[in-house]
Amino acid sequence: MRLLIVEDEKRLAISLARGLTAEGFAVDVVHDGTEGLHRASEGVYDLVVLDIMLPGTNGYRICAALRAAGHEVPILMLTAKDGEYDEAEGLDTGADDYLTKPFSYVVLVARVRALLRRRGGSGSPVVAVGALRLDTAARRVRLGEDEIALTAKEFAVLEQLALRAGQVVSKADILEHVWDFAYDGDPNIVEVYVSTLRRKLGAGAIRTVRGAGYRLEAL
């Protein structure tokens with residue numbers, strides 16, 4: 001999943017980005033509200049972590065502008081303020097959740113995963129494809145009775161395929177959601193991870209659709 005962090009406290013933003021990247025997300029960071037609104041409006045993000053007090057344009061206005069334009073991306077608001085009025089204002093502008101600084105990183109990750117599951121239309125963190133089970137909350141994979149050990153990036157690639165099991169997922173789509181916006185390395189990195197997943201899950205698990213992408217088959 002691809003996340004956008006709009007936060008002007010650079011140390012906090014970088015710390016969050018590193019942590020979320022380690023969890024398997026692709027993360028972009030901006031420190032200005034105007035740039036944040038521009039990036040979020042592109043519609044390529046699965047979730048936006050949005051500070052309220054920002055230079056350029058504040059978080060309330062960004063959220064309201066996105067909702068007015070029809071963008072339904074989940075928004076988790078961050079603020080150093082507290083009080084019912086601030087929370088109500090944030091939610092009234094269209095935010096999906098609200099977290100007051102200082103906050104626990106573990107809580108933030110849990111909120112992010114909950115919003116992503118809600119967006120997917122399922123209250124369950126488990127994605128099932130035949131005998132394959134992905135627990136997106138615990139980041140664990142089981143194939144039948146066996147647990148399969150995956151790295152964060154391997155899990156993220158498999159998750160993209162599992163969420164659209166039976167459909168063709170392009171290499172560009174996987175790159176966009178698993179690697180961040182600044183990635184300028186070899187796009188064939190996707191093939192490397194798919195090859196690794198095949199070794200761990202079985203050669204027939206992921207089919208290559210020549211010229212189009214990859215398809216996860218029920219095992």
Side-chain angles (χ1 to χ4, degrees), residues 1-4 16-28 44-47 49 73-74 76 97 104-181 183 185-219:
M1 297 292 178
R2 188 171 176 184
L3 312 183
L4 174 66
L16 291 178
R18 286 175 177 168
L20 290 166
T21 298
E23 296 285 338
F25 296 106
V27 183
D28 295 337
V44 298
Y45 295 101
D46 298 288
L47 183 140
V49 178
V73 59
L76 174 61
D97 204 351
S104 161
Y105 173 73
V106 173
V107 170
L108 179 134
V109 173
R111 297 281 186 91
V112 166
R113 294 201 188 284
L115 288 174
L116 290 171
R117 291 198 299 272
R118 191 185 309 168
R119 186 191 192 198
S122 170
S124 171
V126 177
V127 179
V129 184
L132 186 67
R133 298 285 189 277
L134 280 78
D135 187 330
T136 59
R139 314 303 281 176
R140 299 174 70 178
V141 176
R142 298 190 72 86
L143 182 56
E145 297 298 319
D146 301 322
E147 183 165 346
I148 309 298
L150 299 181
T151 67
K153 273 288 190 285
E154 288 167 359
F155 187 97
V157 172
L158 181 60
E159 183 178 24
Q160 285 299 307
L161 294 169
L163 289 171
R164 285 173 283 177
Q167 303 176 30
V168 177
V169 184
S170 71
K171 184 188 297 183
D173 203 14
I174 294 172
L175 274 173
E176 181 177 280
H177 286 85
V178 177
W179 281 265
D180 62 32
F181 184 78
Y183 180 77
D186 188 348
N188 290 325
I189 189 68
V190 175
E191 295 177 12
V192 174
Y193 278 88
V194 168
S195 177
T196 301
L197 287 170
R198 283 174 173 150
R199 287 199 301 271
K200 293 185 175 184
L201 301 176
I206 302 172
R207 302 287 185 183
T208 298
V209 180
R210 192 172 299 277
Y214 304 98
R215 183 176 63 236
L216 181 65
E217 305 282 0
L219 296 173

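Just so you know, residue 1 is the first one in the sequence shown, and it goes up from there. Note that the coordinates shown come from a computational prediction; the quantities given were computed from them, not determined experimentally.
- Remark: Q160 CD to Y193 OH distance equals 14.5 Å, nearest 0.5 Å.
- Here the CD1-CD distance, from I206 to E217, works out to 10.0 Å after rounding to the nearest 0.5 Å.
- Residues A162 and V127 come closest through the heavy atom pair O-CG1, 3.9 Å.
- Under a 4.0 Å N-O distance rule, the pair R139/E23 does not qualify as a salt bridge.
- The backbone N or O of A149 lies less than 3.5 Å from a partner atom in the side chain of K200, making a donor-acceptor pair.
- The nearest pair of heavy atoms linking G24 to A156 is O-CB, 3.2 Å.
- Applying the side chain to side chain contact (heavy atoms under 4.5 Å, CB included) test between Y214 and each of D173, V169, I174 identifies I174 as the sole match.
- Rounding to the nearest 0.5 Å places CG of L197 at 5.5 Å from CD of E154.
- Counting only heavy atoms from C-beta outward, the side chains of R140 and R133 never approach each other to under 4.5 Å.
- To the nearest 0.5 angstrom, T208 atom OG1 is 10.0 Å from R215 atom CZ.
- The closest donor-acceptor contact from the side chain of D46 to the backbone of L3 lies at 3.5 Å or more, if one exists at all.
- Here the shortest heavy-atom pairing between A22 and A152 reads O-CB, 3.3 Å.
- Taking both residues in full, the closest heavy atoms of Y105 and L20 are given as OH-N, 3.3 Å, listed atom of the first, atom of the second, then distance.
- Remark: side-chain polar atoms of T21 are paired, donor with acceptor, to backbone N or O of A17 under 3.5 angstrom.
- Taking 4.5 Å as the limit, some side-chain heavy atom of L201 sits within range of a side-chain heavy atom of L158.
- The two residues V112 and L76 make their nearest non-hydrogen contact at CG2-CD2, 4.0 Å.
- Note: L161 CG to Q167 CD = 11.0 Å, rounded to the nearest 0.5 Å.
- A 4.5 Å side-chain heavy-atom check between V157 and T196 finds every atom pair outside the cut-off.
- Using a 4.5 Å heavy-atom cutoff, the side chains of K171 and N188 are in contact.
- Atom-to-atom distance recorded for L4:CG and Y45:OH is 5.0 Å, nearest 0.5 angstrom.
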